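Read the numbers this way: they start at 1 and go in the same order the structure lists the ligands and their atoms. Atom set for the values below is all heavy atoms of this structure, side chains included, hydrogens, waters and symmetry mates excluded. Computed from a predicted structure; not experimentally measured.
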Amino acid sequence: MPSIFTKIIAREIPADILHEDDLCLAFRDISPKAPTHFLVIPKKEIVSLADLNDEDQAIIGRCVVVASQVAAAEGLTGGYRLVCNCGDDGGQEVPHLHFHVMGGRKLTWPPG
Ligand code: DGP
């Protein structure tokens with residue numbers, strides 16, 4: 001079932017896009033929890049981490065590399081956090097796998 005992120009990939013709704021390639025898209029989170037907060041998503045409609053299989057390895061690897069490269073381009077030299085919420089208990093709201101990248105302030109641990 002297509003989610004709001006499918007519409008962002010298709011440019012049916014606007015987003016502040018930071019990176020795009022064949023496998024993934026990075027764009028700023030609409031509700032930032034840190035001075036810099038962007039999402040990296042696979043273009044493939046994968047609901048969550050729980051739905052991954054072996055053939056998705058290159059896609060997820062690419063997402064993590066893009067997270068690192070965009071974080072560098074955003075100037076997150078002091079570090080940042082990569083988060084992937086999975087399912088209800090993990091706090092996932094949008095049913096399209098996404099990595100949050102948050103930085104630009106000192107982040108606390110553990111998250112709630
Ligand atoms: P999660 O709780 O892990 O499913 O996080 C979903 C994130 O997606 C949340 O931080 C807000 C963001 N988000 C939801 N809808 C939109 C949207 O339409 N545009 C953008 N840019 N971000 C969105």
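Put simply, part of L39 is less than 4.0 Å from ligand 1, judged by heavy atoms. The closest approach between H100 and ligand 1 falls below 4.0 Å for a heavy atom of the residue. Residue contact annotation: A15 has no non-hydrogen atom under 4.0 Å from ligand 1.
By the criterion of a heavy-atom distance under 4.0 Å, the backbone of R28, and not its side chain, is placed next to ligand 1. Contact annotation: for I30 versus ligand 1, heavy atoms closer than 4.0 Å belong to both the backbone and the side chain.
Each of the atoms 1 (P), 2 (O), 3 (O) of ligand 1 lies under 4.0 Å from some heavy atom of N85. In the vicinity of G91, heavy-atom distances shorter than 4.0 Å reach the ligand 1 atoms 1 (P), 2 (O). Taking every heavy atom of Q92 and a limit of under 4.0 angstrom, the matching atoms of ligand 1 come to 4 (O).
If you check which protein heavy atom lies closest to atom 18 (O) of ligand 1, you get I4 CG1, 3.6 Å. Looking at atom 19 (N) of ligand 1, its nearest protein heavy atom turns out to be I8 CD1, 3.6 Å. Atom 10 (O) of ligand 1 has its closest protein heavy atom at D29 OD2, 2.5 Å.
Of the possible donor and acceptor atoms, none in the side chain of H100 sits under 3.5 Å from a partner among the backbone N and O of H98.
At most 12 non-hydrogen atoms from other residues, nucleotides or ligands lie less than 6.0 angstrom from CG of D89. Shown here is K44, whose NZ atom has more than 12 heavy atoms of other residues, nucleotides or ligands within 6.0 Å.
For the residues E93, H98, M102, the heavy atom positioned nearest atom 6 (C) of ligand 1 is part of H98.
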